[in-house]
2 protein chains.
Amino acid sequence: MKASFAKVPTPLELELHQEGRRLTPQRKKVLDLFQRIGGGKHLSAEDIHGKLIQSKSRVSLATVYRTLRLLVKMGFLHELELSEGGHRFELLSQDHPDHHHLVCVNCGRTEEFESDQVVLAGKEAADKQGFKLLESTLNVRGLCPDCI
Amino acid sequence: MKASFAKVPTPLELELHQEGRRLTPQRKKVLDLFQRIGGGKHLSAEDIHGKLIQSKSRVSLATVYRTLRLLVKMGFLHELELSEGGHRFELLSQDHPDHHHLVCVNCGRTEEFESDQVVLAGKEAADKQGFKLLESTLNVRGLCPDCI
DNA sequence: GTGCGTGCAAAATCTTTGCATACGC
DNA sequence: GCGTATGCAAAGATTTTGCACGCAC
C-alpha cells in the first residue's frame, strides 16, 4: 500500500516547522505568488499586497512585510535595493544563485545577467579583506535602447 | 601685475553659475564637509545634517536633502544603496571612478575595492542588451573578520 | 490548549514639498 | 531688483510595532 494520499510537506512547511514556526495561509500565498509569476520579477511589498487582494486573498500589508522579511531570512526570497521608492523582492532560485541587474535609470526596466568573472572578483575582494562572502550582486545602471 | 588677489572660483561655483544657479553657504558647507572627511566615507543625510549643526553651521535638513540631490546630479557625489535605513552619499573622486563595496551584513563595516574585471563585465552586459552604460557597482555582502 | 501569527491602527522613519522670507547674483 | 535657495512645518511614502484576537499545531 502506497501512502499516496499523504500530504507532501513543502520545503517552506518543513523549514518553518523545524524552527517552531507555522505555515499559515498568508505565508503560503506570498510564496505561491512569487512561484506563480516566476523568477526574475521584482515586486515591492505594495505590489504583492495588491496582487493578493486582487485574487481575493485577505492579507494585511503588515503581514506582507513580516512575511517578506521572514522569507528573505529563510532564503526563499532575495531583497533588492535597485530603485528609488522602496525595496523589491524576487524569488531566489537554485538556477540563478548569483545574478546581476542591468537597470535603466530612466524607465526602470531591468534585465538580469550572470557573470562568473564578477562572482570571482567579489570572492577575491572578500578573501583579501578576510571577509566571509555571502553574496555579491553587480548593479549596472544605464539607459535602455528605448530611452537613449 | 598679477591678479593674485582675485578670488579663484571653485569647480562647484563655476558649474553652478553655468546653469544659472547660486553658490550658497549651505551648498559650500555640504561639499566642504565631504572634502574634509575625504573619500571612501558613506554618510546619510542625517549624518551630514548632524555634523554641520555640530560645527555651528545653520543648515536645515530639507536643504541638506536638496543639496545632496543637486550634488549627485552634478556629479560631485555618488549615491549608495547598500544598507538598510536610508541611502548614503560619498564623495566622487577622479581617482576612483568605478569602485565597489564590501559590506559586513552584521556590523555594517564597509571596505572599498576596484576591479577592472567587474567594470568590463558590466560593460559587456550593457552592450549585449543595447544599454548605454552609466555606472556599475558591485556590492559584496558578507561577514567581516570581527563578525565571523 | 498553547503560543505563534494576524489584522488593525498608530507610530516611527525617511524624504519631499508649499510657501513666505532671505540673499546671491 | 530679480529670481533662486532657504527654513519651517506639514505632508507623503514606506516600513515597523503594540495589542487583542484567531488559528496552526
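Here is the naming used below: chain letters follow the sequence lines, and residue numbers restart at 1 for every chain.
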**Euclidean distance, atom CG of residue A:Leu70 to atom P of D:dT17 [Å, nearest integer]** = 15 Å
**Message:** Looking only at the side chain of B:Thr24 (C-beta and beyond, no hydrogens), which of the listed nucleotides D:dT6, C:dC14, C:dC25 gets closest?
**Reply:** D:dT6
**Prompt:** Any idea how B:Phe113 and B:His100 line up, ring-wise: parallel (<30°), tilted (30 to 60°), or perpendicular (>60°)?
**Reply:** tilted
**Prompt:** What is the distance from OH of A:Tyr65 to C1' of C:dT13, rounded to the nearest Å?
**Reply:** 12 Å
**Request:** Send over the distance from B:His87 NE2 to D:dT15 P, rounded to a whole Å.
**Result:** 10 Å
**Request:** Would you mind reading off the distance between A:Glu46 atom CD and D:dG12 atom P, rounded to a whole angstrom?
**Result:** 16 Å
**Asked** Of all the nucleotides listed (C:dG7, D:dA5, D:dG7), which has the minimum atom distance to the side chain of B:Ser60?
**Response** D:dG7
**Prompt:** In this structure, which one of A:His101, A:His87, A:His78 forms a ring pair (Phe, Tyr, Trp, His ring centres under 6.0 Å) with A:His42?
**Reply:** A:His101
**Asked** Taking CZ from B:Arg27 and C1' from D:dT6, how many angstroms apart are they, rounded to a whole number?
**Response** 9 Å
**Prompt:** Nearest to the side chain of B:Arg58 - C:dT6, D:dG7, D:dA5?
**Reply:** D:dG7
**Asked** Between atom CG of A:Leu14 and atom CD of A:Glu19, what is the distance when rounded to the nearest 0.5 Å?
**Response** 11.5 Å
**Item:** For atom CG of B:Leu71 and atom P of D:dA5, their distance in whole Å
**Value:** 12 Å
**Request:** Assess the side chains of A:Glu90 and A:His99: does a donor N or O sit below 3.5 Å from an acceptor N or O?
**Result:** yes
**Complete:** Ranking C:dC8, D:dG7, C:dG3 by distance to the side chain of A:Arg22, first place goes to C:dG3
**Complete:** Assert: residue with more 5' nearest nucleotide on DNA chain C, out of B:His17 and B:Ala62, is B:Ala62
**Asked** Out of D:dT16, D:dC25, C:dG7, which has the shortest distance to the side chain of A:Thr63?
**Response** C:dG7
**Nearest-neighbour nucleotide for the A:Ala45 side chain, D:dT15, C:dG24, C:dT16 considered** = D:dT15
**Request:** Could you check how far CG of B:Leu23 sits from C1' of D:dT6, rounded to whole Å?
**Result:** 14 Å
**Asked** Over how many whole Å does the gap from A:His49 atom NE2 to D:dA13 atom P extend?
**Response** 17 Å
**Prompt:** How is A:Arg66 classified with respect to the nucleic acid when contacts are heavy atoms under 4.0 Å: base, sugar-phosphate, or nothing?
**Reply:** base
**Prompt:** How far does CG of A:Leu31 sit from CZ of A:Arg36, to the nearest 0.5 angstrom?
**Reply:** 10.5 Å
**Asked** With respect to the side chain of B:Val59, which nucleotide from D:dG7, C:dT15, C:dT17 is positioned closest?
**Response** D:dG7
**Message:** Any side-chain N or O of A:Gln26 below 4.0 angstrom from OP1/OP2 of D:dC23?
**Reply:** no
